Protein chains: 2
Amino acid sequence: MDGDTRETIREVAIDLFSTRGFDQTSLREIAERVGLTKASLYYHYPSKQALLTAIVSPLLDGWRAVTDEAEGMAHTPDNVRHVLTTLLDVMVVNRPLASVLLRDPAGVVAAAGPLWQDMIDVATRLTNWVAGPEPTVAQRLRAIAAMEVLRAAYSSITYLREEVADAEMREVLLDSALGALRR
Amino acid sequence: MDGDTRETIREVAIDLFSTRGFDQTSLREIAERVGLTKASLYYHYPSKQALLTAIVSPLLDGWRAVTDEAEGMAHTPDNVRHVLTTLLDVMVVNRPLASVLLRDPAGVVAAAGPLWQDMIDVATRLTNWVAGPEPTVAQRLRAIAAMEVLRAAYSSITYLREEVADAEMREVLLDSALGALRR
DNA sequence: GTCTATAAGAGGATAGAC
DNA sequence: GTCTATCCTCTTATAGAC
């Protein structure tokens with residue numbers, strides 16, 4: 001059974017957006033891979049932008065959940081570790097999906113509009129929490145750096161040919177992020 | 001004197017590519033901002049791709065210089081610090097230019113072709129050197145993470161509203177990258 | 001060196017038959 | 001739900017006058 005055409009379209013789109021980029025991927029290509037015509041896609045999604053939104057939303061939801069939880073917690077070393085761990089989980093789970101953002105930020109920005117602003121806002125809130133209360137500029141820079149380390153979960157696809165076990169990646173990157181954070 | 005039209009075009013293109021993305025920026029927009037017509041651009045650059053190449057090449061050259069120097073050095077803690085420092089300098093100096101790459105990697109990949117492969121190759125060589133001789137998977141992950149920290153030089157534009165002095169940024173990010181690297 | 005005019009094509013999106 | 005056919009707009013790029 002291939003019951004859910006809508007879901008198939010979403011999966012194909014994730015694959016293409018994450019490798020070729022959002023702008024570089026035409027609806028014709030997606031339709032071809034799914035085995036439909038361009039016009040048929042519009043029955044399932046009213047626009048290319050709507051398709052993008054359907055793809056990206058789960059990641060935003062994940063970030064928001066982590067952020068909401070964090071902001072209810074005191075900024076202790078244990079809690080920082082916990083928050084970074086949870087965030088890393090979200091990133092690893094949504095790996096293919098997040099590549100969509102990294103492949104063509106400009107295209108996503110142009111298409112996603114307010115959704116993108118939401119992502120910036122959530123990411124900013126999270127970075128601010130990680131930086132701690134009344135942070136110095138240096139602490140804020142370190143917080144940004146720590147977040148960038150987690151991004152290595154995606155870059156590693158480019159640079160490491162061999163497969164890395166999710167568990168090892170989580171462990172190493174968490175420790176590395178904490179290293180980037182402390183003075 | 002506005003003697004060098006060619007250089008003016010390059011500067012306007014960097015500005016637009018880095019904010020709107022390579023694909024999202026049309027030659028019409030560039031021409032408009034420069035005060036020429038689209039057709040006139042083609043007198044100075046034979047194609048949009050050639051324009052991109054002219055923009056990106058200096059960054060590639062910078063990376064290559066750092067990489068070549070690194071590969072002639074032993075992998076000692078002092079040398080690692082030196083290499084990361086030099087790389088950070090290159091990134092800070094070429095900040096607007098590097099944003100072109102980050103804004104629309106997919107578009108750049110599609111247009112730059114072999115040039116892009118060169119960049120991947122150089123970045124890979126550098127990451128490998130930073131990981132040290134016969135590295136474990138964990139060491140390679142940490143090397144990737146350290147490189148990502150340097151990228152915070154660019155992300156900080158998004159997250160830090162206030163201006164950060166180049167000197168402070170270099171100091172903090174270098175220390176943070178070293179923190180990400182060590183176990 | 002810069003212009004006007006135009007070619008040649010791809011993209012997203014819609015109308016309406018089946 | 002899927003199709004064919006079409007619209008409209010925008011793009012990169014070229015031809016040729018000045």
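As the structure is a computational prediction, the values presented were derived from the model and not from experiment. We name chains A, B, ... by the order of the sequence lines, and we start the count at 1 in each one.
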Comparing nearest nucleotides in DNA chain D, the 5'-proximal residue of the pair A/G35, B/K48 is A/G35
- Task: Tell me yes or no: between the side chains of A/T37 and A/S40, is some donor less than 3.5 Å from an acceptor?
- Result: yes
ask   = Between C/dG11 and A/S26, is there an OP1 or OP2 to side-chain N/O distance shorter than 4.0 Å?
value = yes
In whole angstroms, the gap separating C1' of D/dA13 from CG of B/L51 amounts to 14 Å
Of C/dA13, D/dT12, D/dT2, the nucleotide closest to the side chain of A/Y42 is C/dA13
>> Below the 4.0 Å mark, does D/dT11 have OP1 or OP2 next to a side-chain nitrogen or oxygen of B/R28?
In response: yes
To the nearest angstrom, the CD-P distance between A/Q24 and C/dG12 comes to 11 Å
Is the terminal nitrogen or CZ of B/K48 (NZ for Lys, CZ for Arg) located under 6.0 angstrom from the six-membered ring centre of B/Y42 and within 45° of that ring's axis? no
When rounded to whole Å, the CD to P distance for the pair B/Q49 and D/dT11 reads 19 Å
Testing D/dT2, C/dA5, D/dT4 for proximity to the side chain of B/A39, the answer is C/dA5
Separation of D/dT2 atom C1' from A/R6 atom CZ, nearest Å, is 17 Å
Closest of D/dG1, C/dT2, D/dA5 to the B/H44 side chain is C/dT2
- [ ] Check whether any side-chain N or O of A/S40 sits under 4.0 Å from OP1 or OP2 of D/dG1, and answer yes or no.
- [x] no
note: B/E32, atom CD; C/dC3, atom C1'; distance rounded to Å ~ 16 Å
Exactly one of A/D15, A/T8, A/T25 clears side-chain hydrogen bond (donor to acceptor under 3.5 Å, both in side chains) with A/R33, and that residue is A/D15
From CG of B/L16 across to P of D/dT11 the rounded distance in Å is 13 Å
Taken to the nearest whole Å, CG/A/D23 to C1'/C/dG12 is 12 Å
### Query
Distance-only, no hydrogens or angles: does the A/Y45 side chain make a donor-acceptor pair with backbone N or O of A/R6 under 3.5 Å?
yes
Inset, instruction - Please determine if a side-chain N or O atom of A/Y43 lies less than 4.0 Å away from the OP1 or OP2 oxygen of D/dT2. - result: no
Run the salt-bridge test on B/D175 and A/R142 with the 4.0 Å N-O cut-off and return the result as yes or no. yes
Using a heavy-atom cut-off of 4.0 Å across all strands, would you classify B/T37 as base, sugar-phosphate, or nothing?
base
A/K38 (side chain) and C/dG12 (base): donor-acceptor pair under 3.5 Å: yes
From CG of A/L52 across to C1' of C/dG12 the rounded distance in Å is 14 Å
